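Report on the following structure.
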Amino acid sequence: PQVRSSIAGNFINSIREDSSNNIWIGNENGIDRYHRTTNSFTHFGVDRDNGTKENTYCVLLGFITPTDLWFLDTKTKAVRSLNIATGATSFISGLNATHAFLYKTNPGQTVHIWSTYDKGTIHQVYKEKKLIKEETLFNGKNMPEFEVIHVMQQDDSTVWLSANKGLVKLDPSTNNYKVFNSWRDQTVRELRYVVIGDHSQLWVGTGPDGIYTF
């Protein structure tokens, strides 16, 4: 803590890399940029309305432009932006969540944000930094109730949700979905993470039962 060039927090929740190969790290005290050449860090707090900067729990979501890093400020439950050129942060929209994932369409005109670790998932859609749509899915009302732990949007028509009751394939344009939760007559449970591998194959990590391919 006495070294100003050290990282500001030890609880690391997210890591992103910018177009200049700088590493950005979200932690319990804000956001830090890692400098490869000097093996040091620069710290960024969150701007508040009273003109101060606050060190608070921030989850990095992704780069909207080469200089515009969106993140989740969990204290105020808001999506904010960090201008990495100036160090200033600004409010984008409210989001009642403590963790989320971001998907940007090509060429980046539309941004999707999906919350996790809540009952269901909050899905937000942005265009030109303006919130144009928000809905809550899998919260037990119009859909079954799932605890959603991870979300990976593959493209405009396919989203994969890792949930306590299986792997969910969702079309966000129609909200049609299908749940996959069995392997050799055994229940696949507590899915935690999914990533696309080669040959149209998903790798699926679970809590108690190891790794599956799909």
Side-chain angles (χ1 to χ4, degrees), residues 11 13-14 26 57-62 70-80 92-106 109-127 130-214:
F11 192 92
N13 58 61
S14 49
Y57 192 107
C58 295
V59 179
L60 305 186
L61 299 175
W70 281 20
F71 66 96
L72 180 61
D73 173 8
T74 62
K75 180 177 181 178
T76 63
K77 298 295 182 69
V79 177
R80 298 183 186 271
I92 301 295
S93 179
L95 177 59
N96 186 23
T98 57
H99 205 83
F101 294 91
L102 180 147
Y103 171 79
K104 182 178 66 172
T105 62
N106 243 337
Q109 296 178 346
T110 304
V111 173
H112 297 258
I113 293 179
W114 302 84
S115 74
T116 57
Y117 300 118
D118 296 304
K119 184 185 294 184
T121 179
I122 302 171
H123 175 214
Q124 292 184 334
V125 183
Y126 295 82
K127 281 191 176 180
K130 300 294 184 183
L131 179 65
I132 63 170
K133 178 183 178 182
E134 179 174 302
E135 59 185 346
T136 301
L137 308 174
F138 302 108
N139 62 348
K141 294 183 178 179
N142 298 324
M143 295 178 172
E145 180 182 315
F146 288 156
E147 178 186 348
V148 179
I149 302 172
H150 176 256
V151 181
M152 185 198 69
Q153 185 161 348
Q154 180 177 345
D155 50 42
D156 290 341
S157 61
T158 304
V159 179
W160 299 95
L161 299 94
S162 300
N164 59 328
K165 298 177 182 178
L167 177 65
V168 182
K169 182 181 182 181
L170 171 71
D171 184 338
S173 62
T174 63
N175 284 347
N176 291 325
Y177 68 93
K178 186 173 182 179
V179 180
F180 303 92
N181 58 6
S182 64
W183 176 77
R184 295 183 178 178
D185 297 325
Q186 299 178 10
T187 300
V188 179
R189 54 191 176 143
E190 293 187 33
L191 274 64
R192 302 296 178 89
Y193 200 87
V194 63
V195 65
I196 297 180
D198 296 330
H199 311 299
S200 300
Q201 188 175 65
L202 300 180
W203 289 81
V204 183
T206 73
D209 298 323
I211 298 174
Y212 293 84
T213 56
F214 178 85

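Along the sequence shown, the residues carry numbers beginning at 1. As the structure is a prediction and not an experimental result, all values here were calculated from the model.
Residue Phe146 forms a side chain to side chain contact (heavy atoms under 4.5 Å, CB included) with just one option from Leu191, Val179, Leu137, Leu161, and that option is Val179.
Here the CG-CG distance, from Asn181 to Leu167, works out to 9.5 Å after rounding to the nearest 0.5 Å. Rounded to the nearest 0.5 angstrom, Tyr103 OH and Met152 CE are separated by 10.0 Å. For the atom pair CG (Leu170) and CD (Gln153), the distance works out to 8.5 Å, reported to the nearest 0.5 Å.
Listed by chain and number, the residues in a side-chain contact (heavy atoms from CB on, under 4.5 Å) with Ser14 are Arg16, Val59, Leu60 (sequence neighbours excluded). Looking at residues two or more places apart in sequence or on another chain, you find a side-chain contact (heavy atoms from CB on, under 4.5 Å) between Thr136 and Ile122, Asn139. By the salt bridge (Lys or Arg N to Asp or Glu O under 4.0 Å) test, Glu134 pairs with no residue at all, sequence neighbours left out. Among residues two or more places apart in sequence or in another chain, the side chain to side chain donor-acceptor pair (under 3.5 Å) test is passed with His112 by His123. Qualifying salt bridge (Lys or Arg N to Asp or Glu O under 4.0 Å) partners for Asp209, counting only residues two or more places apart in sequence or in other chains: Arg189. Applying the salt bridge (Lys or Arg N to Asp or Glu O under 4.0 Å) criterion to Glu147, with sequence neighbours excluded, gives no partner residue. The side chain to side chain donor-acceptor pair (under 3.5 Å) check on Asn164 picks up nothing, with sequence neighbours excluded. Taking Thr174 as the reference, Asp171, Asn176 meet the side-chain contact (heavy atoms from CB on, under 4.5 Å) condition, with sequence neighbours excluded. Considering only residues two or more places apart in sequence or on other chains, Lys127 meets the salt bridge (Lys or Arg N to Asp or Glu O under 4.0 Å) condition with none of them.
Closest non-hydrogen pair, Asp156 versus Pro172, comes out as O-CG, 3.4 Å. When all heavy atoms of Ser93 and Gln124 are compared, the pair lying nearest together is OG-NE2, 4.3 Å. Minimum interatomic distance between Leu61 and Phe101 (heavy atoms only, all atoms of both residues): CD2-N, 4.3 Å. Leu131 and Val125 get closest at one heavy-atom pair: CD1-O, 3.5 Å.
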Give every donor-acceptor pair under 3.5 Å between a side-chain atom in residues 70-78 and any protein atom, sequence neighbours left out.
residue, atom, partner, partner atom, Å
Trp70, NE1, Asp68, OD2, 3.4
Asp73, OD1, Lys75, N, 3.2
Asp73, OD2, Arg48, NH1, 2.8
Asp73, OD2, Arg48, NH2, 3.2
Asp73, OD2, Thr76, OG1, 2.8
Asp73, OD2, Arg80, NE, 3.0
Thr74, OG1, Tyr57, O, 3.1
Lys75, NZ, Glu54, OE2, 2.4
Thr76, OG1, Arg80, NH2, 3.2
Lys77, NZ, Asn96, OD1, 3.2

Expected list for residues 197-204: side-chain donor-acceptor pairs under 3.5 angstrom, two or more places apart:
none

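A distance-only check finds a donor-acceptor pair linking the side chain of Thr206 to the backbone of Gly210 [under 3.5 Å]. Between the side chain of Asp118 and the main chain of Val148, no donor-acceptor pair closer than 3.5 Å is present. For Asp155 (side chain) and Thr158 (main-chain N/O), a donor-acceptor pair under 3.5 Å exists by modelled atom type.
Within the structure, every pair that satisfies the ring pair (Phe, Tyr, Trp, His ring centres under 6.0 Å) test and touches residues 156-197, not counting sequence neighbours, is listed here: Phe138-Tyr177, His150-Tyr193, Trp160-Phe214, Phe180-Phe214, Trp183-Tyr212.
With contacts defined as side-chain heavy-atom distances shorter than 4.5 Å, the pair Ser162/Arg192 does not qualify. With contacts defined as side-chain heavy-atom distances shorter than 4.5 Å, the pair Val79/Tyr126 qualifies. Residues Thr110 and Lys104 form no side-chain contact, since every pair of their non-hydrogen atoms from C-beta on lies 4.5 Å or further apart.
Within a 6.0 Å radius of CD1 in Ile132, more than 12 heavy atoms belonging to other residues, nucleotides or ligands are found.
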